[in-house]
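This structure is a prediction, so every number in the text was calculated from the model and none was measured. Numbered from 1 within each chain, the chains take letters A, B, ... in sequence-line order.
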Amino acid sequence: MSDAIYLFEVKNFEGDFYYQSNRFYMRPKTEIVDPLIQLKRTESLLSMLLQKIGYNIPINAWVVFINSEFTLYQSPLDLPLIFPTQINRFLKQLDTNTSKVSQKHRALAEKLCSLHVQDNPYKQLPSYEYDQLRKGIACDMCNGLLVLVEGKKCICTKCGHHETVESAVLRSVKEFKLLFPNERVTTNAIFDWCKVVTSKRRINRILSKNYKIVGTHQWAYYE
DNA sequence: CGAGCGAAAAGACACCCGAG
DNA sequence: CTCGGGTGTCTTTTCGCTCG
(Lines give C-alpha, C1' and ligand atoms only; values in the text may rest on other atoms or scores of the structure.)
Protein backbone atom coordinates (compact mmCIF):
# COMPACT_ATOMS: atom_id res chain seq x y z
CA MET A 1 0.00 0.00 0.00
CA SER A 2 2.72 2.45 0.94
CA ASP A 3 4.35 2.44 -2.44
CA ALA A 4 1.51 3.47 -4.68
CA ILE A 5 0.43 6.68 -6.36
CA TYR A 6 -3.15 7.73 -5.81
CA LEU A 7 -4.63 9.39 -8.85
CA PHE A 8 -7.94 11.23 -8.49
CA GLU A 9 -10.15 12.47 -11.27
CA VAL A 10 -12.32 14.99 -9.43
CA LYS A 11 -15.77 15.74 -10.82
CA ASN A 12 -18.17 18.42 -9.69
CA PHE A 13 -21.18 16.98 -11.50
CA GLU A 14 -24.51 18.09 -10.08
CA GLY A 15 -27.85 16.32 -10.62
CA ASP A 16 -28.99 12.83 -11.47
CA PHE A 17 -26.85 10.48 -13.52
CA TYR A 18 -26.98 6.80 -14.40
CA TYR A 19 -25.00 3.95 -15.93
CA GLN A 20 -26.52 1.83 -18.62
CA SER A 21 -24.70 -0.76 -20.74
CA ASN A 22 -21.33 0.69 -19.76
CA ARG A 23 -22.31 4.20 -20.80
CA PHE A 24 -22.69 7.26 -18.65
CA TYR A 25 -25.80 9.41 -18.89
CA MET A 26 -27.15 12.54 -17.31
CA ARG A 27 -30.87 12.53 -16.69
CA PRO A 28 -32.92 13.02 -18.70
CA LYS A 29 -31.11 10.82 -21.22
CA THR A 30 -28.07 12.82 -22.35
CA GLU A 31 -24.98 10.78 -22.84
CA ILE A 32 -21.85 12.45 -21.53
CA VAL A 33 -18.21 11.44 -21.54
CA ASP A 34 -17.71 8.64 -19.04
CA PRO A 35 -15.28 9.91 -16.40
CA LEU A 36 -13.93 6.38 -16.17
CA ILE A 37 -12.68 6.67 -19.74
CA GLN A 38 -10.97 9.90 -18.81
CA LEU A 39 -9.52 8.19 -15.75
CA LYS A 40 -8.20 5.25 -17.80
CA ARG A 41 -6.53 7.62 -20.22
CA THR A 42 -4.95 9.71 -17.46
CA GLU A 43 -3.82 6.61 -15.61
CA SER A 44 -2.24 5.19 -18.71
CA LEU A 45 -0.45 8.46 -19.53
CA LEU A 46 0.84 8.77 -15.98
CA SER A 47 1.97 5.15 -16.02
CA MET A 48 3.92 5.74 -19.23
CA LEU A 49 5.45 8.92 -17.83
CA LEU A 50 6.57 7.10 -14.67
CA GLN A 51 8.18 4.36 -16.73
CA LYS A 52 9.92 6.94 -18.90
CA ILE A 53 11.49 8.67 -15.93
CA GLY A 54 12.48 5.36 -14.38
CA TYR A 55 9.88 4.67 -11.72
CA ASN A 56 7.88 1.53 -11.38
CA ILE A 57 5.10 2.37 -8.98
CA PRO A 58 1.55 1.02 -9.06
CA ILE A 59 -1.21 3.57 -9.56
CA ASN A 60 -4.44 3.63 -7.60
CA ALA A 61 -6.88 5.57 -9.72
CA TRP A 62 -10.28 6.84 -8.61
CA VAL A 63 -13.02 9.11 -9.84
CA VAL A 64 -14.25 11.34 -7.03
CA PHE A 65 -17.63 13.04 -7.19
CA ILE A 66 -17.44 15.97 -4.82
CA ASN A 67 -20.76 17.69 -5.33
CA SER A 68 -23.21 16.81 -2.56
CA GLU A 69 -26.09 17.27 -5.02
CA PHE A 70 -24.79 14.40 -7.15
CA THR A 71 -26.61 11.09 -7.50
CA LEU A 72 -25.58 8.13 -9.62
CA TYR A 73 -28.18 5.44 -10.32
CA GLN A 74 -27.34 1.91 -11.32
CA SER A 75 -23.75 2.21 -10.36
CA PRO A 76 -21.95 -1.12 -10.63
CA LEU A 77 -20.30 -2.11 -7.35
CA ASP A 78 -16.84 -2.80 -8.69
CA LEU A 79 -16.03 0.57 -10.27
CA PRO A 80 -13.36 2.87 -8.76
CA LEU A 81 -15.85 5.58 -7.87
CA ILE A 82 -16.01 7.65 -4.69
CA PHE A 83 -19.28 9.37 -3.91
CA PRO A 84 -19.81 12.48 -1.78
CA THR A 85 -21.02 10.41 1.16
CA GLN A 86 -17.86 8.27 1.05
CA ILE A 87 -15.19 10.94 0.84
CA ASN A 88 -14.70 11.32 4.59
CA ARG A 89 -14.42 7.60 5.17
CA PHE A 90 -12.09 7.26 2.24
CA LEU A 91 -9.80 9.96 3.63
CA LYS A 92 -9.76 8.28 7.05
CA GLN A 93 -8.92 5.02 5.42
CA LEU A 94 -6.07 6.70 3.57
CA ASP A 95 -4.79 8.14 6.83
CA THR A 96 -4.42 4.70 8.38
CA ASN A 97 -2.32 3.58 5.43
CA THR A 98 0.18 6.41 5.39
CA SER A 99 3.84 5.61 5.22
CA LYS A 100 7.00 7.59 5.82
CA VAL A 101 7.91 9.98 3.06
CA SER A 102 11.32 8.96 1.86
CA GLN A 103 13.95 10.67 -0.25
CA LYS A 104 12.73 8.60 -3.14
CA HIS A 105 9.23 10.06 -2.81
CA ARG A 106 10.58 13.58 -2.63
CA ALA A 107 12.73 13.04 -5.69
CA LEU A 108 9.73 11.80 -7.63
CA ALA A 109 7.61 14.74 -6.46
CA GLU A 110 10.28 17.20 -7.53
CA LYS A 111 10.67 15.47 -10.85
CA LEU A 112 6.93 15.64 -11.51
CA CYS A 113 6.82 19.33 -10.53
CA SER A 114 9.69 20.11 -12.86
CA LEU A 115 7.81 18.41 -15.71
CA HIS A 116 4.68 20.45 -15.07
CA VAL A 117 3.55 22.15 -18.26
CA GLN A 118 2.83 25.78 -17.49
CA ASP A 119 1.70 26.87 -20.92
CA ASN A 120 -0.82 24.74 -22.68
CA PRO A 121 0.80 24.03 -26.06
CA TYR A 122 -2.62 23.45 -27.59
CA LYS A 123 -3.93 26.91 -26.89
CA GLN A 124 -4.42 28.80 -30.11
CA LEU A 125 -4.80 32.51 -29.85
CA PRO A 126 -6.22 34.29 -32.84
CA SER A 127 -4.01 37.07 -34.10
CA TYR A 128 -5.42 40.53 -33.64
CA GLU A 129 -4.43 44.14 -34.05
CA TYR A 130 -5.60 47.06 -32.00
CA ASP A 131 -7.01 48.88 -35.03
CA GLN A 132 -9.17 45.92 -36.05
CA LEU A 133 -10.93 45.67 -32.73
CA ARG A 134 -14.24 47.37 -32.06
CA LYS A 135 -13.87 49.84 -29.25
CA GLY A 136 -16.31 50.28 -26.41
CA ILE A 137 -17.21 48.78 -23.08
CA ALA A 138 -18.47 45.20 -22.98
CA CYS A 139 -21.43 44.44 -20.74
CA ASP A 140 -20.50 42.59 -17.57
CA MET A 141 -23.57 40.36 -17.93
CA CYS A 142 -24.07 39.61 -21.63
CA ASN A 143 -20.67 40.69 -23.02
CA GLY A 144 -22.31 42.75 -25.73
CA LEU A 145 -20.49 45.90 -26.83
CA LEU A 146 -23.71 47.83 -26.43
CA VAL A 147 -23.01 49.69 -23.25
CA LEU A 148 -23.91 53.37 -23.07
CA VAL A 149 -22.94 55.89 -20.45
CA GLU A 150 -25.81 57.65 -18.78
CA GLY A 151 -24.81 59.93 -15.94
CA LYS A 152 -22.88 57.89 -13.42
CA LYS A 153 -24.07 54.53 -14.76
CA CYS A 154 -23.17 52.32 -17.66
CA ILE A 155 -26.27 50.76 -19.13
CA CYS A 156 -26.35 47.81 -21.52
CA THR A 157 -28.87 48.46 -24.28
CA LYS A 158 -29.16 44.74 -24.93
CA CYS A 159 -29.80 43.26 -21.50
CA GLY A 160 -30.37 46.36 -19.38
CA HIS A 161 -27.58 45.60 -16.94
CA HIS A 162 -26.43 48.58 -14.86
CA GLU A 163 -22.89 49.21 -13.63
CA THR A 164 -20.97 52.21 -12.38
CA VAL A 165 -18.80 53.90 -14.98
CA GLU A 166 -15.77 53.39 -12.78
CA SER A 167 -16.06 49.61 -12.49
CA ALA A 168 -16.91 49.29 -16.18
CA VAL A 169 -13.83 51.29 -17.15
CA LEU A 170 -11.67 49.25 -14.78
CA ARG A 171 -12.94 46.04 -16.39
CA SER A 172 -12.00 47.47 -19.76
CA VAL A 173 -8.54 48.35 -18.48
CA LYS A 174 -8.08 44.72 -17.45
CA GLU A 175 -9.14 43.59 -20.92
CA PHE A 176 -6.76 46.07 -22.48
CA LYS A 177 -3.87 44.86 -20.35
CA LEU A 178 -4.64 41.23 -21.17
CA LEU A 179 -4.93 41.84 -24.91
CA PHE A 180 -2.01 44.24 -25.16
CA PRO A 181 0.43 43.39 -22.38
CA ASN A 182 3.13 45.46 -24.05
CA GLU A 183 1.06 48.61 -24.37
CA ARG A 184 1.12 51.15 -21.60
CA VAL A 185 -2.08 52.09 -19.85
CA THR A 186 -2.49 55.82 -20.42
CA THR A 187 -5.43 58.18 -20.27
CA ASN A 188 -5.48 58.44 -24.05
CA ALA A 189 -5.18 54.70 -24.62
CA ILE A 190 -8.08 53.90 -22.31
CA PHE A 191 -10.10 56.86 -23.56
CA ASP A 192 -9.85 55.45 -27.07
CA TRP A 193 -10.36 51.85 -25.93
CA CYS A 194 -13.55 52.59 -23.96
CA LYS A 195 -14.84 55.03 -26.55
CA VAL A 196 -18.26 55.50 -24.91
CA VAL A 197 -16.83 57.56 -22.06
CA THR A 198 -16.70 60.98 -23.65
CA SER A 199 -14.43 62.75 -21.21
CA LYS A 200 -10.69 62.23 -20.99
CA ARG A 201 -10.69 63.96 -17.62
CA ARG A 202 -13.06 61.30 -16.33
CA ILE A 203 -10.85 58.47 -17.58
CA ASN A 204 -7.86 60.27 -16.11
CA ARG A 205 -9.49 60.51 -12.69
CA ILE A 206 -10.56 56.84 -12.68
CA LEU A 207 -7.03 55.74 -13.62
CA SER A 208 -5.27 57.93 -11.07
CA LYS A 209 -7.66 56.75 -8.36
CA ASN A 210 -7.13 53.05 -9.04
CA TYR A 211 -3.62 52.73 -10.41
CA LYS A 212 -0.20 54.01 -9.57
CA ILE A 213 1.05 56.64 -11.96
CA VAL A 214 4.55 56.25 -13.36
CA GLY A 215 6.25 59.22 -14.92
CA THR A 216 4.77 62.62 -15.47
CA HIS A 217 2.84 64.63 -18.03
CA GLN A 218 2.70 63.25 -21.55
CA TRP A 219 5.04 60.42 -20.53
CA ALA A 220 2.91 59.21 -17.69
CA TYR A 221 1.34 55.77 -17.64
CA TYR A 222 -0.48 53.69 -15.03
CA GLU A 223 0.33 50.30 -13.57
C1' DC B 1 24.26 71.59 -26.03
C1' DG B 2 20.48 74.48 -24.80
C1' DA B 3 16.12 76.98 -25.71
C1' DG B 4 11.63 76.47 -26.64
C1' DC B 5 7.79 73.45 -27.86
C1' DG B 6 4.01 70.61 -26.81
C1' DA B 7 1.22 67.39 -24.49
C1' DA B 8 -0.98 65.64 -20.60
C1' DA B 9 -1.42 65.50 -15.48
C1' DA B 10 -3.64 67.69 -12.10
C1' DG B 11 -5.33 71.71 -9.29
C1' DA B 12 -9.07 75.06 -8.84
C1' DC B 13 -13.68 75.93 -9.06
C1' DA B 14 -18.42 75.95 -10.25
C1' DC B 15 -21.96 72.90 -11.08
C1' DC B 16 -24.87 68.76 -11.09
C1' DC B 17 -27.35 65.11 -9.14
C1' DG B 18 -28.80 61.54 -6.15
C1' DA B 19 -29.31 59.89 -1.30
C1' DG B 20 -31.15 60.77 3.00
C1' DC C 1 -33.43 70.93 1.42
C1' DT C 2 -28.69 69.73 2.43
C1' DC C 3 -24.58 67.44 1.76
C1' DG C 4 -20.93 65.30 -0.59
C1' DG C 5 -18.80 63.21 -4.22
C1' DG C 6 -18.31 63.09 -9.11
C1' DT C 7 -17.91 65.98 -13.47
C1' DG C 8 -16.60 69.54 -17.05
C1' DT C 9 -13.88 73.45 -18.02
C1' DC C 10 -10.15 76.23 -17.63
C1' DT C 11 -5.61 76.84 -16.35
C1' DT C 12 -1.05 75.97 -14.66
C1' DT C 13 2.82 73.17 -14.40
C1' DT C 14 6.41 70.60 -16.00
C1' DC C 15 9.89 67.83 -18.45
C1' DG C 16 11.47 64.93 -22.52
C1' DC C 17 12.02 65.82 -27.25
C1' DT C 18 13.34 68.36 -31.25
C1' DC C 19 15.84 71.31 -33.87
C1' DG C 20 19.14 74.60 -34.78
Close aromatic pair by centroid cut-off 6.0 Å: A:Tyr73 and A:Tyr19: no
Summary of protein contacts for nucleotides 6-13 of chain B, nucleotide by nucleotide, where a base hit scores B, a sugar-phosphate-only hit scores S (4.0 Å, heavy atoms): BBBSBBB-
Sugar-phosphate, base or nothing in reach of A:Lys153, heavy atoms under 4.0 Å: nothing
A:Tyr128 ring center within less than 6.0 Å of A:Phe180 ring center: yes
Short side-chain N/O contact to C:dG8 OP1/OP2 from A:Ser199, under 4.0 Å: yes
Side-chain H-bond candidate by donor/acceptor type, A:Asn204 with A:Tyr222, under 3.5 Å: yes
Close side-chain approach of A:Leu50 to A:Ile5, heavy-atom, < 4.5 Å: yes
Test: A:Lys29 cationic atom under 6.0 Å from A:Tyr18 six-membered ring centre, within 45° of axis: no
